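Residue numbering restarts at 1 for every chain, and letters A, B, ... go by the order of the sequence lines. No experiment lies behind these values; they were computed from the predicted model shown.
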Protein chains: 2
Amino acid sequence: MSDHAIPLDAETKAVEMPEDHRDELRLWLRLLTCSNLIEGEVRRRLRERFDVTLPRFDLMAQLDKAPDGMTLSDLSKRMMVSNGNLTGLVERLVASGHLERRVSELDRRAQIIRLTEAGQAEFRTMAAEHESWIAELFGDLTEKEQRDLMRLLAKTKLSARRAVSGEA
Amino acid sequence: MSDHAIPLDAETKAVEMPEDHRDELRLWLRLLTCSNLIEGEVRRRLRERFDVTLPRFDLMAQLDKAPDGMTLSDLSKRMMVSNGNLTGLVERLVASGHLERRVSELDRRAQIIRLTEAGQAEFRTMAAEHESWIAELFGDLTEKEQRDLMRLLAKTKLSARRAVSGEA
DNA sequence: ACTATTTATTTTAAGCTTAAAATAAATTCG
DNA sequence: CGAATTTATTTTAAGCTTAAAATAAATAGT
């Protein structure tokens with residue numbers, strides 16, 4: 001398994017010896033550093049260039065893919081944030097004219113949220129620039145490196161999901 | 001460069017044609033998903049097992065590595081969060097008995113923050129378990145995959161840093 | 001020594017985020 | 001039908017986070 005100098009109990013396996021997981025910890029910290037570094041820069045640029053926050057951008061991105069609108073619950077599931085969080089986020093984006101809400105005709109509890117025309121236009125401008133920022137941030141990786149990273153992250157995602165759910 | 005069907009201006013390069021950066025965007029979204037998935041699970045477990053938040057855990061982790069304590073500014077730089085953020089975080093951990101602060105003798109503006117004995121003991125218990133959670137979350141990756149991922153993330157970090165600073 | 005600047009920290013205002021409790025409409029089932 | 005449950009959403013309380021303004025002590029330059 002590991003080449004590290006883990007004290008072993010002579011003949012047997014590492015009995016009662018807590019395993020050394022420092023490598024995994026380093027891997028996690030590096031993954032987190034990358035993610036935070038990029039996310040932080042994207043936040044900064046969104047604010048600087050468009051005076052918009054990342055959560056608002058993410059919300060608009062979801063709605064841009066759903067021209068007929070979505071309910072708060074749908075959005076909540078897609079974005080993996082709480083319902084209460086979305087309530088406030090949508091409120092502010094309605095106030096600023098980016099979103100519109102109407103009560104569902106089929107279910108009087110639910111609301112359908114949509115981008116306004118102005119909201120969509122603004123989002124698409126931002127999205128185009130955002131995409132080029134991401135390309136710039138990953139720019140020093142070759143195509144092969146990008147593919148490899150993609151594959152390894154796919155596996156990481158599955159591994160984490162397995163551990164998050166009851167697991168095996 | 002890319003195999004994709006980007007409309008080209010016959011003889012020349014892709015003149016005035018915005019490039020397709022969807023692959024980089026997908027890569028970024030996958031990286032973010034992995035990071036959020038793991039971070040969310042770590043937060044959940046820290047809360048469930050130890051009733052502690054991730055920011056508090058991170059703060060204690062920094063202080064555990066500095067037995068003689070650190071100033072708020074040092075902590076701020078190390079943790080890459082704002083000074084104001086730390087003010088509140090430290091306040092709450094002092095109140096709960098995990099940290100102690102004393103005014104620096106050399107500089108009456110500065111405070112030296114340290115883990116209390118109780119705080120250190122509690123942190124080390126948490127850290128040991130935390131490390132095993134991380135190993136579990138990355139558990140499905142082989143050692144080679146972990147090494148490869150480590151290397152690719154190192155390169156990603158450099159790439160992002162280059163783009164964040166003025167760049168080339 | 002005095003003024004200007006820098007550095008360490010706190011405060012403030014705004015927004016993001018969550019879990020848990022509350023509301024209210026829809027659905028299920030006896 | 002009518003009670004019990006589920007589902008959609010909002011509210012609440014607490015904490016995290018930041019940028020920008022405010023304080024206050026230290027340092028530098030004259």
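- Axis angle across the helix from C/dA1-D/dT30 to C/dG30-D/dC1, with five pairs used at each end and values rounded to 10°: 10°.
- Two different hydrophobic clusters hold B/Ile112 and B/Leu115 under the rule that ILVMFWY side chains link at heavy-atom gaps under 4.5 Å.
- Between B/Arg151 and B/Asp148, no side-chain nitrogen of the basic residue sits less than 4.0 Å from a carboxylate oxygen of the acidic one, so the salt-bridge criterion is not met.
- Of the residues near DNA chain D, A/Gln111 and A/Arg44, the one whose nearest nucleotide (by heavy atom distance) lies more toward the 5' end is A/Gln111.
- For A/Ser73, a side-chain nitrogen or oxygen approaches OP1 or OP2 of D/dT9 to under 4.0 Å.
- Taking the charged nitrogens against the carboxylate oxygens, A/Arg78 and A/Asp74 have no contact shorter than 4.0 Å, which rules out a salt bridge.
- Atom CZ in B/Arg102 sits roughly 17 Å away from atom C1' in C/dT9 (whole-Å rounding).
- In this model, the phosphate group of C/dA26 is approached by a side-chain N or O of A/Arg108 to a distance below 4.0 Å at OP1 or OP2.
- For A/Leu72 and C/dA25, the CG to P distance is 16 Å, given to the nearest whole Å.
- B/Cys34 is not listed as a side-chain neighbour of B/Leu37, based on a closest heavy-atom distance of 4.5 Å or more.
- Between the CG atom of B/Leu106 and the P atom of D/dA25 there is a distance of 16 Å, given to the nearest Å.
- Using a 4.0 Å cutoff on non-hydrogen atoms, the parts of residues 46-59 of chain A near DNA chain C are A/Thr53, A/Pro55, A/Arg56, ordered by number.
- A heavy-atom distance below 4.0 Å to DNA chain C is reached by these residues of residues 76-89 of chain B, ordered by number: B/Asn83, B/Gly84, B/Thr87.
- In this entry the distance linking CG of A/Asn36 with P of D/dC16 reads 16 Å, nearest Å.
- Under 4.0 Å is where a charged nitrogen must lie from a carboxylate oxygen, and between A/Asp68 and A/Arg114 no such pair does.
- Applying the 6.0 Å contact sphere to CZ of B/Arg44 captures more than 12 heavy atoms from other residues, nucleotides or ligands.
- Of the side-chain N and O atoms in B/Arg92, none sit less than 4.0 angstrom from OP1 or OP2 of D/dA14.
- Side-chain rings of A/Phe50 and A/Phe57 stay apart, their centers remaining 6.0 Å or farther from each other.
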* Given the rule in the salt bridge (Lys or Arg N to Asp or Glu O under 4.0 Å) test, do A/Arg47 and A/Asp51 qualify, once you have shown the distances and angles that lead to the verdict? -> CA-CA 4 Å; A/Arg47 186 145 80 81; A/Asp51 193 33; 6.0 Å; no

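- Considering only the side chain of B/Arg109, D/dA26 comes nearest among D/dT9, C/dT10, D/dA26.
- Within the 3.5 Å criterion, the main-chain N or O of A/Leu152 finds a donor-acceptor partner in the side chain of A/Thr156.
- Atom CD of B/Glu39 and atom C1' of D/dT17 are 13 Å apart (whole Å).
- One interatomic measurement links the two molecules: CG of B/Leu93 to C1' of D/dG15, which rounds to 12 Å at whole-angstrom precision.
- Classification of B/Arg45 and B/Glu136 as a salt-bridged pair holds, one side-chain N sitting under 4.0 Å from a carboxylate O.
- Within the 4.0 angstrom heavy-atom criterion, only backbone atoms of the sugar-phosphate kind lie near B/Arg101; the bases stay farther away.
- In summary, B/Asp140 and A/Lys155 do not engage in a salt bridge, as defined by a charged side-chain N under 4.0 Å from a carboxylate O.
- The closest side-chain heavy-atom distance from B/Thr53 to B/Arg43 is not below 4.5 Å.
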